[in-house]
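So you know, we letter chains A, B, ... as the sequences are listed, proteins then strands, and number each from 1. Fair warning: this is a prediction, and the values are worked out from it, not measured in the lab.
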2 protein chains.
Amino acid sequence: MGRFPDSRFDKAADGGRDNPRATGAVRLSDVAAAAGVAAMTVSRALNQPELVSERTRERVQRAVIETGYVPNRVAGALASSRSKMVAVLVPTVAHSLFADVVQSITDTLAVEGYQVLLGLTGYQTEEEAAVVETVLSRRPDALVVAGTRHSEATRQRLGAARIPVVEIWDMSDDPLDMLIGFSHHAVGEAVADHLLGCGYQRFGQAMADDPRSHQRAEGFNARILAEQKARPDAGIKVTTHWAEIPATLVGGRTTAANVLAGMPDCEAIFCSSDTLAMGVIAEAQSRAMAIPEALAVMGFGDMSFAAATWPALSTVRIDGAEIGRLTAAHLLQRFGAGSPDPAHDIVDVGFEIVARQTTLSPRS
Amino acid sequence: MGRFPDSRFDKAADGGRDNPRATGAVRLSDVAAAAGVAAMTVSRALNQPELVSERTRERVQRAVIETGYVPNRVAGALASSRSKMVAVLVPTVAHSLFADVVQSITDTLAVEGYQVLLGLTGYQTEEEAAVVETVLSRRPDALVVAGTRHSEATRQRLGAARIPVVEIWDMSDDPLDMLIGFSHHAVGEAVADHLLGCGYQRFGQAMADDPRSHQRAEGFNARILAEQKARPDAGIKVTTHWAEIPATLVGGRTTAANVLAGMPDCEAIFCSSDTLAMGVIAEAQSRAMAIPEALAVMGFGDMSFAAATWPALSTVRIDGAEIGRLTAAHLLQRFGAGSPDPAHDIVDVGFEIVARQTTLSPRS
DNA sequence: CCTGATGATGTTAGCGCTATCATTTCGCGC
DNA sequence: GCGCGAAATGATAGCGCTAACATCATCAGG
């Protein structure tokens with residue numbers, strides 16, 4: 001009988017199935033037959049139980065267990081145009097900040113039966129375009145994407161998809177739809193502010209050569225330049241050096257060396273990531289420069305190891321889990337009934353400067 | 001104007017679309033109309049271009065761009081019973097080891113057009129069962145799951161799904177299908193061996209209370225007990241204390257305190273994770289115990305911070321990226337034509353003991 | 001009893017794609 | 001030209017589910 005040599009499904013399952021295209025799995029109609037109701041009733045019993053009488057619901061329940069039915073949401077999605085999937089596009093999950101975001105989005109959405117389709121975009125805009133197209137072909141009910149700089153093609157595709165879109169991780173003036181993140185520029189300013197408050201005057205930057213690090217660097221420079229203007233005689237200086245991506249400890253050492261070569265009396269180095277900062281610390285230690293007395297170091301990310309370095313790394317903490325939670329919450333609200341609410345659909349989650357031992361205490 | 005099967009679309013995308021269930025997106029048939037061919041030909045031009053003439057292929061290509069067509073793989077999956085999705089079930093991605101695995105699986109599969117459906121199972125077996133059912137309802141073409149201990153329900157569902165399954169992260173005697181991992185028991189033995197080789201005799205274990213840590217602890221104990229028998233007068237001792245999960249730095253401190261309370265002359269502590277190890281180090285430092293002279297510490301995982309602690313943490317390195325790569329490679333081979341090849345479908349990727357500064361050098 | 005509102009269930013017709021088979025076109029030797 | 005196998009293309013019929021509507025039961029109020 002047909003193409004299922006080992007169709008040893010014990011009973012009702014594939015009774016008269018001889019269609020070559022059928023998958024052999026238990027279908028809704030098999031459950032319906034077992035329960036003695038119509039397929040539609042089973043569908044309702046499972047998806048909108050409140051529309052079905054108690055008696056029927058129980059009967060269906062039993063039939064589902066008896067047959068071992070696992071719904072086919074592919075078919076369901078096609079029929080209803082709702083996939084209950086959310087695409088999440090991040091550069092990488094091998095970075096704890098993004099991992100935290102993905103984790104908390106997944107956890108929060110799971111409660112409502114939504115699942116995450118993961119897309120890794122790397123740090124290249126072209127790659128993002130390809131990934132966007134691929135994930136959109138799955139017809140997710142919404143899409144989350146890290147960053148606000150997208151190619152024109154991507155923007156168009158996202159617009160044409162007519163689904164909620166959340167941009168995370170950055171702030172921007174013209175979000176596609178929802179936006180949950182923080183200002184990298186403000187991070188740079190705040191770090192500069194903090195270091196100035198500690199009394200430093202000669203600054204270096206060891207930054208990874210990616211767009212967001214550029215924004216932080218700009219914020220930092222802007223604040224420093226303003227201070228230069230305010231106190232022209234104070235001898236405030238700043239120099240910026242770029243590290244290749246992906247950022248590594250070795251890259252941090254090299255970049256630190258570059259900074260110190262160009263500014264031997266540098267007092268404080270702001271790094272675009274904790275990883276680079278570790279490299280800077282290593283370089284300083286190799287030159288027997290005391291931290292933070294001879295050289296202060298500031299990282300970014302507050303990764304798990306930041307508190308464990310020696311000395312413990314001062315850094316900037318971002319609450320990735322909070323971004324994820326908010327993202328999921330906003331999406332669920334949209335899915336529910338919530339109409340777009342632009343006023344609340346842009347959230348700045350901010351950041352926190354964590355002063356540990358690689359920077360001096362601020363002067364009061 | 002009835003329900004339209006034969007209302008010919010002239011050309012412009014959704015000219016005569018009046019069906020209330022249609023999504024409004026560009027469909028294959030719209031592209032076909034634009035290109036002046038049948039829908040089936042467009043499908044072939046996109047999915048099996050070698051079956052279509054050069055001329056037609058180009059014509060279709062142009063029509064796709066012109067119409068902005070994004071394939072609907074939901075429909076495709078339903079029709080062909082191939083979803084080009086792989087479900088990946090891990091306890092968490094907020095742990096760098098699993099993040100590495102997910103990252104490399106995703107990257108490797110993406111090359112062949114497969115996408116990852118992410119399922120986070122937590123560390124509970126019941127949760128896993130629920131997640132398995134949910135992801136199977138998406139009809140993935142394969143499933144990857146961390147761990148080899150599954151509930152009976154899970155095992156049955158996975159069997160019934162008739163798709164390739166890869167268990168990763170552990171070794172086991174009776175894998176469901178493919179298996180790519182390492183032996184936690186062997187890790188414990190190897191660590192014990194290493195520490196014995198350094199001359200230590202009184203051992204503590206600070207282990208998270210999860211199944212895999214238990215296995216490592218058992219391996220460790222087994223090796224130690226064997227040594228006790230071999231050298232009954234050497235004064236070899238071992239004590240094990242359990243930390244609550246998830247493992248935290250604070251949990252490590254507490255557990256270390258427990259170990260030292262029970263065995264004040266403890267010389268070396270094996271921890272089930274680098275995170276716990278950091279806590280142990282912190283506790284030792286707070287008691288002014290010199291590391292590794294007064295107390296040696298061994299972690300597990302070689303997380304990014306392990307090399308950055310002070311002193312740098314000796315630990316066990318697992319190559320998560322390699323596990324991911326192998327997993328993806330095996331799946332792709334299965335998808336291709338590769339028949340099950342049991343001999344090569346069980347891979348022990350091993351592990352590496354990384355001796356840094358929290359353990360003494362082995363005696364030669 | 002009838003009426004009409006309400007709730008529960010059933011029937012039909014697709015969702016947008018691809019497997020399968022039927023048909024047309026092409027290439028080429030004679 | 002003709003015939004024939006191979007290549008290219010087309011027509012048809014679902015994949016398993018659910019939206020939309022139709023039908024059937026139930027029950028209160030008249």
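Among residues at least two apart or in separate chains, salt bridge (Lys or Arg N to Asp or Glu O under 4.0 Å) pairs with a member in residues 114-136 of chain A are A:Glu133-A:Arg157. Among pairs with a residue in residues 64-86 of chain B, none fulfils salt bridge (Lys or Arg N to Asp or Glu O under 4.0 Å), at least two apart in sequence or across chains. Contacts classified as salt bridge (Lys or Arg N to Asp or Glu O under 4.0 Å) and involving residues 40-64 of chain A (residues at least two apart or in different chains) are not found. For residues 138-156 of chain A, every residue pair satisfying the salt bridge (Lys or Arg N to Asp or Glu O under 4.0 Å) rule, not counting sequence neighbours, is listed here: A:Arg155-A:Asp174.
Remark: B:Ser53, B:Thr56 in residues 53-65 of chain B come within less than 4.0 Å of DNA chain D through at least one heavy atom.
In this entry the distance linking CZ of A:Arg138 with C1' of C:dG16 reads 15 Å, nearest Å. Rounded to a whole Å, the CG atom of B:Leu51 is 14 Å from the C1' atom of D:dG10.
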Check nucleotides 24-27 of chain D against the protein and report each pair of N or O atoms closer than 3.5 Å, with its distance, or say if there are none.
none

Protein and nucleotides 17-19 of chain C: nitrogen or oxygen contacts under 3.5 angstrom:
from, atom 1, to, atom 2, distance (Å)
C:dC17, OP1, B:Tyr69, OH, 2.4
C:dC17, OP1, B:Asn72, N, 3.3
C:dC17, OP2, B:Leu28, N, 2.5
C:dT18, OP1, B:Asn47, ND2, 2.7
C:dT18, OP2, B:Ser43, OG, 2.4
C:dT18, O2, A:Arg21, NH1, 3.3
C:dT18, O2, A:Arg21, NH2, 3.3
C:dA19, OP1, B:Arg82, NH2, 3.0

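Legend: residues meeting salt bridge (charged side-chain N to carboxylate O under 4.0 Å, His left out) with B:Asp170, ordered by chain and number and at least two apart, are B:Arg212. Evaluation of the side chain to side chain donor-acceptor pair (under 3.5 Å) rule for A:Thr154 yields A:Ser151 as partners, not counting sequence neighbours. Contacts of A:Thr327 classified as side chain to side chain donor-acceptor pair (under 3.5 Å), with partners at least two apart in sequence or in another chain: none. The side chain to side chain donor-acceptor pair (under 3.5 Å) check on B:Thr92 picks up A:Gln103, with sequence neighbours excluded. Here A:Thr56 pairs with A:Ser53 under the side chain to side chain donor-acceptor pair (under 3.5 Å) rule; sequence neighbours left out.
Across all strands, A:Val74 comes closer than 4.0 Å to no nucleic acid atom at all (heavy-atom distances).
Between C:dG10 and A:Thr41, a contact under 4.0 Å exists linking OP1 or OP2 to a side-chain N or O.
Closest heavy-atom contact between A:Ala32 and A:Val42: CA-CG2, 3.6 Å.
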